[in-house]
Amino acid sequence: MSDEKVFEDLESFYKGHACLENGNPKEAAHWFQASLRLDPESEPTQTWLLVAERRAAFDAEHWDTYLQKSKALLELKGKSAQTLLALAPAWACKFVTTGNGEYRRQALACLQEARTAPGVDPDDWIIEAWVNQMLEKHTIISLIQFRFSVGRVDDEHGDFG
């Protein structure tokens, strides 16, 4: 890749991150796609594109897309605590919107498997509690709304959310 393309790729990649940080996942996806066109084999860019697409799907209440992108993230990154905790809320959203008990079982299975998966972190309880609240109350709220409700808005450790 020429130096010019490398800088173009980096610029697009960092613009994507800036958009995510500013709460604009749809525009972030645009920039990650631009970066991926310049370096199609970049696994970090593929990952962040899926993260942005997941968040955009959540914001737009496109639950099938949210689930699809969550599954794709797990496929790309493999099973880990973070990918399982990214998939669990997608299953929970499908349960809340359909009432299908199988989606609830899938969400709970992801949470159970995440407890012993590689990369488990003590702060991961926040996502588990978020998913459990959605399942119990049959209401979809964002992770940030949940963090506010439990007083944990300062925790920005970069999860797949």
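No hydrogens, no waters, no symmetry mates; every other heavy atom, side chains included, goes into these values.
Listed for the Arg54 side chain is a donor-acceptor partner under 3.5 Å among the backbone atoms of Ala86. Of the possible donor and acceptor atoms, one in the side chain of Thr83 sits under 3.5 Å from a partner among the backbone N and O of Gly78. A donor-acceptor contact shorter than 3.5 Å is absent between the side chain of Ser35 and the backbone of Trp31. Asp9 contributes no side-chain N or O that, together with a main-chain N or O of Lys5, makes up a donor-acceptor pair within less than 3.5 Å.
Residue Glu41 qualifies as open at atom CD: its count of foreign heavy atoms under 6.0 Å is 12 or below. Residue Glu75 places its CD atom among 12 or fewer non-hydrogen atoms of other residues, nucleotides or ligands, all under 6.0 Å distant.
Rounded to the nearest 0.5 angstrom, Glu43 CD and Leu36 CG are separated by 11.0 Å. The structure places OH of Tyr66 at 13.5 Å from CD of Glu53, a figure rounded to the nearest 0.5 Å.
For the residue pair Gln46 and Ser42, no side-chain donor N or O sits within less than 3.5 Å of a side-chain acceptor on the partner. Side-chain contact annotation: Asp124 with Gln82, donor-acceptor N/O pair under 3.5 Å present. Between the side chains of Gln68 and Thr65, no donor N or O sits under 3.5 Å from an acceptor N or O.
The aromatic rings of His138 and Phe95 are tilted relative to each other, their planes meeting at an angle between 30° and 60°. Note: Tyr14 and His17 have tilted aromatic rings, judged against thresholds of 30 and 60 degrees for the angle between ring planes.
Taking all atoms of both residues into account, the shortest heavy-atom contact from Cys110 to Ala88 is CB-CB, 3.7 Å.
Look at Glu27 and Lys15 and you find no salt bridge, because none of the NZ, NE, NH1 or NH2 atoms lies under 4.0 Å from a carboxylate O. By the 4.0 Å N-to-carboxylate-O rule, Lys94 lies close enough to Asp64 to be salt-bridged with it. Ion pair Glu102/Arg105 flagged as a salt bridge, since at least one NZ, NE, NH1 or NH2 atom sits closer than 4.0 Å to an Asp/Glu carboxylate oxygen.
Legend: ring-ring contact (aromatic ring centres under 6.0 Å, His included) pairs involving residues 102-123, not counting sequence neighbours, sorted by first then second residue: Trp91-Tyr103.
The shortest side-chain heavy-atom distance between Leu67 and Leu87 falls under the 4.5 Å cut-off. Taking 4.5 Å as the limit, every side-chain heavy atom of Asn24 sits out of range of all side-chain heavy atoms of Leu20. Using a 4.5 Å heavy-atom cutoff, the side chains of Leu50 and Leu76 are in contact. Side-chain contact between Leu38 and Val6 is absent, with no heavy atoms from C-beta onward closer than 4.5 Å. With a 4.5 Å cut-off on side-chain heavy atoms, Leu111 and Val131 count as touching.
A single hydrophobic cluster is not seen to contain both Leu108 and Val120; linkage of ILVMFWY side chains at heavy-atom distances under 4.5 Å, directly or through other members, places them apart.
For Phe58 and Trp63, the ring centers are positioned less than 6.0 Å apart.
With sequence neighbours excluded, no residue satisfies ring-ring contact (aromatic ring centres under 6.0 Å, His included) with His62. Legend: residues meeting side-chain contact (heavy atoms from CB on, under 4.5 Å) with Glu113, ordered by chain and number and at least two apart, are Lys79, Leu84.
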